[in-house]
Amino acid sequence: MPEDFTDIDASDFPSAAGRHILEEAYYFGNYGVETVQDFYHFMKLGLSGYAIYGAMANQSYQIAADRTVQASNIYLVDYLPDGQIPGHGIVQQSDSGLAYSADKPVVLRVDTYPQFQRQGYGRRRYLAMNAASMLIFGNPLHSRESGPLRSDPATQTWAALEREGLAESYEEINKPGGRLLQRYRFRLARNT
């Protein structure tokens, strides 16, 4: 899989992909995000038979009565030549000040629609999310927390990437006196 995104102008972004990203940003706007700033840094990753388009936006959201966090999000959307959208993903790096999130871009959200599942779109999207994370943030993509008994598609995808040698699992405590989290991250070696 190619790893390099090409910078594009906003005018080169397919309107259906753009609408999809705006809808996802709005969705998060209704769940605690206070401001979504203008999108910037538009990009495209060409794959065999389709493309993944991306755009960045900054957000701020309140995590406590006296604390606001700033975050940078990369919104990615799969776009087929016939205009269909198999799914999307969001990478977030925040300045929460917590050690467990420092310099750790995470998968904020990833979805593959039912009619496109089990066709490799999700796996390629994770690889693209990692490539975007390395390009923009300079750090590999990390999972959010995973429990040892979880069997959701995200954990299954991470486990498969680990078996392929592309990712690794690790444990960390989320804050002093906090609980132990099981997480995954991409290895620093280039994806293939």
Only one of Leu108, Val106, Val110, Ile74 clears side chain to side chain contact (heavy atoms under 4.5 Å, CB included) with Ile90; which? Leu108

Check: [Y] and [X] side chains under 4.5 Å, non-hydrogen atoms:
{"X": "Pro81", "Y": "Tyr50", "value": "yes"}
{"X": "Leu166", "Y": "Arg187", "value": "no"}
{"X": "Val91", "Y": "Gln93", "value": "no"}
{"X": "Met56", "Y": "Ile136", "value": "yes"}
{"X": "Ser72", "Y": "Phe137", "value": "yes"}
{"X": "Asp7", "Y": "His41", "value": "yes"}
{"X": "Tyr126", "Y": "Tyr121", "value": "no"}
{"X": "Leu80", "Y": "Phe116", "value": "yes"}

Out of curiosity, [X] [atom1] to [Y] [atom2], how far, rounded to the nearest 0.5 Å?
{"X": "Lys104", "Y": "Ser143", "atom1": "NZ", "atom2": "OG", "result": "10.0 Å"}
{"X": "Asp111", "Y": "Gln117", "atom1": "CG", "atom2": "CD", "result": "9.0 Å"}
{"X": "Gln119", "Y": "Arg124", "atom1": "CD", "atom2": "CZ", "result": "8.5 Å"}
{"X": "Thr112", "Y": "Ile85", "atom1": "OG1", "atom2": "CD1", "result": "12.5 Å"}

How far apart are the C-alpha atoms of Thr6 and Met43, what are their side-chain angles, what is the distance that settles it, and do they pass the side-chain contact (heavy atoms from CB on, under 4.5 Å) test? CA-CA 5 Å; Thr6 304; Met43 58 195 102; over 6 Å; no

Is a side-chain N or O of [X] found less than 3.5 angstrom from the main chain of [Y], in a donor-acceptor match?
{"X": "Glu168", "Y": "Arg185", "answer": "no"}
{"X": "Ser169", "Y": "Tyr184", "answer": "no"}
{"X": "Thr157", "Y": "Pro153", "answer": "yes"}

Taking only residues two or more places apart in sequence, or in another chain, which ones meet Glu164 in a salt bridge (Lys or Arg N to Asp or Glu O under 4.0 Å)?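 Only Arg123 meet the salt bridge (Lys or Arg N to Asp or Glu O under 4.0 Å) criterion with Glu164.
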
Run the numbers on Phe186 and Trp158 for side-chain contact (heavy atoms from CB on, under 4.5 Å), then give the verdict. CA-CA 9 Å; Phe186 273 91; Trp158 278 107; 3.7 Å; yes

Compare every heavy atom of [Y] with every heavy atom of [X], then report the nearest pair and how far apart it is.
{"X": "Leu141", "Y": "Asn130", "value": "N-OD1, 2.9 Å"}
{"X": "Ala51", "Y": "Lys44", "value": "CB-CE, 3.8 Å"}
{"X": "Pro105", "Y": "Pro140", "value": "CD-O, 3.6 Å"}
{"X": "Ala128", "Y": "Phe5", "value": "O-CE1, 3.5 Å"}

Consider side-chain hydrogen bond (donor to acceptor under 3.5 Å, both in side chains). Of Glu171, His142, Glu172, which one does Arg183 pass it with? Glu172

How about Tyr79 and His88: does a side-chain donor come under 3.5 Å of a side-chain acceptor? no

Evaluation steps, side-chain contact (heavy atoms from CB on, under 4.5 Å), between Leu76 and Tyr53: CA-CA 6 Å; Leu76 299 171; Tyr53 287 88; over 6 Å; no

Going by salt bridge (charged side-chain N to carboxylate O under 4.0 Å, His left out), name the pairs with one or both residues in residues 69-81, residues two or more places apart or in two chains. Asp78-Arg125

Taking the six-membered ring for Trp and the full ring for Phe, Tyr or His, determine whether the centres of Phe39 and Tyr75 are under 6.0 Å apart. yes

With sequence neighbours excluded, tell me which residues meet side chain to side chain contact (heavy atoms under 4.5 Å, CB included) with Ala71. Tyr61, Asn73, Gln92, Ser94

